Amino acid sequence: MSKDGGAPRGPERRRQDIAGVVLSVGSVTAAELAERFAVSLMTIHRDLDELARRGIVRKHRGGVTAQPSGVFESSVAYRLKSMGAAKDAIAERAAELVEPGMAVMLDDSTTALALARRLPGIVPLTVVTNFLRAVNLLAREQEIRLMALGGDYDPLHDSFLGVSCVDAIEALNVDLCFVSTSAVGGGFAYHQEQRIVPVKRAMLRAAARSVLLIDHSKLNRVALHRVAPLSAFDRVIVDDGAGAEALRDLEEQKVAYELAAT
């Protein structure tokens, strides 16, 4: 019997449950998981190795985490659970910039996905994205011309990346581009994953206007790779949970930003 009750779980069911725990709490030790699921440490480490291989969690000495760092991005499953109210507020404000008839490009961020949920009310539109979740969300919208950017599928981000994705972007010219990044500080937008950077840069080049969507938890932070200077964006939208120091940094960098009310 497992400590959660019921019959013992098979390996795949147990791994799904382990992933659920880690995604819920952010970080946990291997010993805690072994006790919770009434299995050996060796079994837990095998499960965590498989979850790490799938890009769902990241192992570290003694445990596992779903949280991002300056070098590693969190999985899309974790990001979907994080800062939901802030992302909705940012998306609501961003939607006000979209007008019927526009061509709009969305990156593979969960904040852009929150915006995608609002686009069926602003039609007709052309929407271009490399985010599989956004494609699935908008695929049945009759008044949205949906253009899916191909490339190499990346399960960590549930999106398409790589040279062929960049080539597809470079063949386009859109009215508005909405992107998010993992960190903003010192006048730059940053991301941990090198393979993400060229795709986001190509999106900025393909747009007449670009908007950075960023929740307050990402301000005054840096990550491994610079994506672009904040001057590359026509506007930055951040939720009103941003502190005075973080906003002062944007003001010192002469960044045009707006606060979205949560």
Side-chain angles (χ1 to χ4, degrees), residues 1-87 107-111 113-114 130-137 151-163 165 180-183 190-200 215 217-218 221-225 227:
M1 300 283 286
S2 75
K3 288 206 172 184
D4 286 0
R9 295 168 168 79
E12 185 55 34
R13 172 64 187 278
R14 186 179 60 248
R15 287 165 187 163
Q16 292 174 6
D17 290 344
I18 291 171
V21 170
V22 180
L23 293 172
S24 175
V25 302
S27 294
V28 66
T29 68
E32 289 169 339
L33 290 171
E35 181 180 4
R36 178 165 185 158
F37 291 95
V39 295
S40 68
L41 270 174
M42 184 177 296
T43 297
I44 285 294
H45 280 293
R46 282 198 297 265
D47 290 340
L48 296 180
D49 285 340
E50 175 59 22
L51 293 173
R53 185 191 67 79
R54 299 177 191 178
I56 298 171
V57 301
R58 188 174 74 255
K59 286 187 73 177
H60 57 79
R61 185 168 183 169
V64 63
T65 184
Q67 296 174 343
S69 71
V71 179
F72 296 99
E73 171 67 300
S74 53
S75 71
V76 66
Y78 180 77
R79 288 184 284 124
L80 284 168
K81 295 174 177 286
S82 175
M83 303 297 292
K87 291 173 181 176
D107 73 351
D108 58 359
S109 65
T110 51
T111 311
L113 183 63
N130 67 325
F131 196 5
L132 184 55
R133 292 187 185 232
V135 171
N136 291 335
L137 176 70
D152 298 318
Y153 178 70
D154 187 301
L156 176 66
H157 301 92
D158 199 18
S159 65
F160 297 90
L161 305 171
V163 173
C165 182
S180 186
T181 61
S182 302
Y190 294 85
H191 200 279
Q192 303 98 324
E193 306 284 350
Q194 185 177 25
R195 62 192 183 278
I196 293 287
V197 174
V199 173
K200 291 187 188 287
D215 71 69
S217 70
K218 300 174 181 178
R221 291 178 52 193
V222 297
L224 185 59
H225 300 284
V227 176

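Remember, it's a predicted structure, so these values are computed and weren't measured experimentally.
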Q: Tell me, please, which residues at least two apart from Thr110 pass side chain to side chain donor-acceptor pair (under 3.5 Å).
A: Lys87
Q: Name all residues meeting the side chain to side chain donor-acceptor pair (under 3.5 Å) criterion together with Ser159; count only those two or more places apart in sequence or in a different chain, and write none if there are none.
A: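 Listed in chain order: Asp108.
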[atom2] on [Y] to [atom1] on [X], rounded to 0.5 Å:
{"X": "Leu48", "Y": "His60", "atom1": "CG", "atom2": "NE2", "result": "9.5 Å"}
{"X": "Phe37", "Y": "Arg15", "atom1": "CZ", "atom2": "CZ", "result": "12.5 Å"}
{"X": "Leu224", "Y": "Tyr190", "atom1": "CG", "atom2": "OH", "result": "10.5 Å"}

With a 4.5 Å heavy-atom cut-off, do [X] and [Y] have their side chains touching?
{"X": "Leu33", "Y": "Val64", "value": "yes"}
{"X": "Asp152", "Y": "Leu161", "value": "no"}
{"X": "Leu156", "Y": "Glu193", "value": "yes"}

Output all residues satisfying salt bridge (Lys or Arg N to Asp or Glu O under 4.0 Å) with [X], sequence neighbours left out; order by chain, then residue number.
{"X": "Asp49", "value": "Lys59"}
{"X": "Glu50", "value": "Arg53, Arg54"}
{"X": "Asp107", "value": "Lys200"}
{"X": "Lys218", "value": "Asp215"}

Q: Applying side chain to side chain contact (heavy atoms under 4.5 Å, CB included), name anything that partners Ala34, two or more places apart in sequence or on another chain.
A: Leu41, Ile44
Q. Excluding sequence neighbours, so at least two apart, what forms side chain to side chain contact (heavy atoms under 4.5 Å, CB included) with Arg46?
A. Met42, Thr43
So which heavy atom on [X] is nearest to which on [Y], and how close?
{"X": "Val199", "Y": "Gly162", "result": "CG2-N, 4.2 Å"}
{"X": "Asp158", "Y": "Phe131", "result": "O-CD1, 3.3 Å"}
{"X": "Ala183", "Y": "Ala223", "result": "CB-N, 4.1 Å"}

Q) Under the ring pair (Phe, Tyr, Trp, His ring centres under 6.0 Å) test, which residues partner Phe160, sequence neighbours left out? A)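 Testing Phe160 for ring pair (Phe, Tyr, Trp, His ring centres under 6.0 Å), a comparison that skips the adjacent residues, returns Tyr153.
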Q: Look at atom CD of Glu12 and say whether more than 12 heavy atoms of other residues, nucleotides or ligands are closer to it than 6.0 Å.
A: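 Yes, CD of Glu12 has more than 12 neighbouring heavy atoms, counting only those of other groups under 6.0 Å.
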